[in-house]
Amino acid sequence: MPQQQSLFDTEPLPWEADDAAQQVVATVVLSTGPPGEFDYLVPVEMRNDRSRDAFVEPGRRLRVPMGKGNRLITAYCVRVETKPSGSRKLKSVAIVIDSVSLLSPAMLRLTHWMAEYYLCPWGQVLEAVVPSGVRVQAGTRDVTLLFLPTKVAARLTQLDVTDTQRKVLETLATSPKPLSPPELARIAKCSMAPIQALRKLGLIDRRMERLDTREVAAEAVAREPAKQLHAEQERALATILAAFDSGKHQTILVHGVTGSGKTEVYIQAIEKAVSFGRQAIVLVPEISLTPQTVGRFRERFDRVAVLHSHQSDVERHRHWRRIVRGEVEVVVGARSAIFAPLPHLGLIIIDEEHESSFKQDSAPRYHARDVAIERAMAEGVPLVLGSATPSLESWQHAASGDYSLVEMPRRVLNLPMPTVRTIDLREETHRRTGSGAISRPLSQAMEAALRDDGQVILLLNRRGFSTHVQCPACGFVLKCPDCDVALTFHRHDNAALCHWCDFHTAPPDVCPDCKNANIRYSGQGTQKLEAEVRARFPQHECLRMDTDTMRRPGSHEAALTKFRAGDVRILLGTQMIAKGLDFPNVTLVGVINADTALHWPDFRAAERTFHLVTQVAGRTGRSDRGGRVLVQTFSPEHPAILAAVKHDYRLFAAGELPQREALGYPPFGSMVRIIVRGEQDATTKAFAERLGELVTQSLQRLEVPHRMMGPAPAPIAKLRGKYRYHIQLQSPDADGLRRAVRPVLATATPPEEVQWIVDVDPIDMM
Ligand code: ADP
Ligand code: ZN
């Protein structure tokens, strides 16, 4: 029988059924289909020998019969127990799919918590957590390895065999490692026939092993020494190490301004953990997972694994195996790296913890930060959350004492924070003669910066050329027929595109409504800004970064390399350029319109605006050349903008938190958002209303204090041809909210063509 190593520490078999009154039962969950747990009988031949392919244990996938027709379906085994033989006759497990367990006991517990917390079937969570490359064991194959049984090796000379056969046996006896049949044939210079004959005689044994189809050499990276920490970094490090030494879980929020040297602190904390034989996970937003970021870890650790969404199945599986075997010191990755199966986790770090990309927008709709807290608690290790602009959720936890707070209010080498000034677009509009996006003060500042050999970053958080196509005569706005959003004109393709689906159309010459010929492309997108910059500064190289120009893999890094080299003097783009970049020569940052997200129907609109302006402002002033920031806005008196201008997080939080508290929004109350979508407006709405009633009844029955908004059309009332309604539930009692929604999930069945989802702790409110 093929032999497989278990991926995880093997435990004694707890399930032994020795009399007829007992049976061994496997509990399974399904990745699709009905939620809930199902019990199956484990046949004798599937329970005695872990080294067998067909062995039932938690974490392996099975095929089990389901329903009247006993159709075989795939299921994850989550438990195996000995139970008294009951009156109900159980069906038996039919097939064992995996030859190794895909999930450690700890990971099974974590995913079970996720299923409960995010109201998502456990099987669906498991399917999302185990990468598909791991499920199919991509990039590995079973190979047969031959070896001599010890008895045979001892009496090699006394054997009655042919000369060729003896040569084969001697070759095998002197080989430093087991050989595959073709290898053996090659070295012994014979055909396969004598080898097969010896196998038949029992003089050669074989075993199976799963090997990588190709070995990958690690890239060599020049090593960097540790930096001498300044006092604030020392304090931050000491706090983390004290938590590490305590052996107990603790969450530490590191609030450090942009450029305060947080990354160096993380690295030194990990160095300590690694010196104790432990490993670390570092989560960064997908967009920050650049070779530059990864390089900073590669320079300091020998064995770094990177996990991100563009990896092939083979790559993912290879990393996963290295991680399981304890061969990796640091895992750097986006959201899903929180599930990295490190055997001796010592520390978890989440950089830019406020980033919304840590929340997954498909089931299971988990937030990596909250999963990290759960995992760090279960494994008794510290969790470090770092940000220049912490989420108000984390900030409030620090204020209430749940988290330890470490502040790093100064930049390294005592570089000053850049000066930030607002430009009131209302005044500029009156004064202006042209119709460009760049005001006169910003234009002058750009000229000055470029004259002094500095570089400029311009942020406009809207891609495309214009934000909408509008008729000045009747007010008609060109909309997507499938989504309730205005189309964006893209000059490069000469098309009006929907940014939510793939709809595109030729832009009309006359208004489709009133036939006016002056239909206009209004509002600013990055394409139009690029055209304006090129027209105004023709002598300087300019580069645009947004999802339209950065489609190809590697284009992001190529663009940043050009900017770093200084060939490109002006970098303009969407929020893609606002985060994490560290270019000492940038002496000016211009925000074209700070208000783009300020008036969204989302209670986090002000927080997002504050984050974006603060983060982009942090891209300058990173050398002794200093830096300045000009923020164009129609709302210079808005508290979020005022606080960002002063780099004052506390001021922002102090203004925003009381409003959240008054309305019961997070972090003071929990939220669950229910979204219903369907092809027909009336049936979709009717089902949303039905859900509203069911949820209300359930909340009342359980006496959960709550506030319910809706059912109402979602802010994007139509998307990809489907009507959308939503219900927003709020309560100070997070558990109560879940307890009330869970039975509705189990019982409410939508009409055909209507789907609904439940989003716990929603980030996306559209
Ligand atoms: P943050 O993550 O807080 O934005 P970084 O860790 O990226 O800050 O540090 C900003 C810059 O300062 C980096 O170029 C880093 O190499 C440098 N740096 C960090 N700590 C020190 C130190 N103690 N001495 C000198 N330079 C440092
Ligand atoms: Zn659309």
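Excluded from the calculations below are hydrogen atoms, water molecules and symmetry mates; all remaining heavy atoms, backbone and side chain alike, are included. Everything numeric here is computed off the predicted structure, so don't read it as measured data. Read the numbers this way: they start at 1 and go in the same order the structure lists the ligands and their atoms. For the single chain, residues carry numbers from 1 onward in sequence order.
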For ligand 1, note which part of Arg411 has a heavy atom under 4.0 Å away: side chain, backbone, both or neither. neither
Glu224 and ligand 1 - part of the residue with a heavy-atom distance under 4.0 Å: neither
Return a yes/no value for Leu229: is any of its N or O atoms, backbone included, closer than 3.5 angstrom to an N or O of ligand 1? no
Just let me know how Lys262 lines up against ligand 1, side chain, backbone, both or neither, with a heavy-atom cut-off below 4.0 Å. both
Shortest protein contact, atom 13 (C) of ligand 1 (heavy atom only): Asp582 OD2, 3.7 Å
What's the verdict on ring pair (Phe, Tyr, Trp, His ring centres under 6.0 Å) for Tyr366 and Phe339, showing C-alpha distance, side-chain angles and the deciding distance? CA-CA 12 Å; Tyr366 69 90; Phe339 304 114; 5.2 Å; yes
Check ion pair Glu353-Arg369 (N to O, under 4.0 angstrom): yes
Quick check, are the ring centers of Trp395 and Tyr403 under 6.0 angstrom apart? no
Answer yes or no: does an N/O atom from Thr263 fall short of 3.5 Å to an N/O atom of ligand 1? yes
Return the option from Val412, Leu413, Leu415 holding the heavy atom at the smallest distance from atom 12 (O) of ligand 1. Val412
Taking 4.0 angstrom as the limit and counting only heavy atoms of Gln228, give me the atoms of ligand 1 inside it, by number and element. 22 (C), 23 (N), 24 (N)
Check the pair Glu232, Lys262 against salt bridge (charged side-chain N to carboxylate O under 4.0 Å, His left out), reporting the backbone distance first and the verdict last. CA-CA 10 Å; Glu232 278 164 4; Lys262 295 185 287 296; over 6 Å; no
Among all residues two or more places apart in sequence or in another chain, which pass the side-chain hydrogen bond (donor to acceptor under 3.5 Å, both in side chains) test with Glu327? Arg325
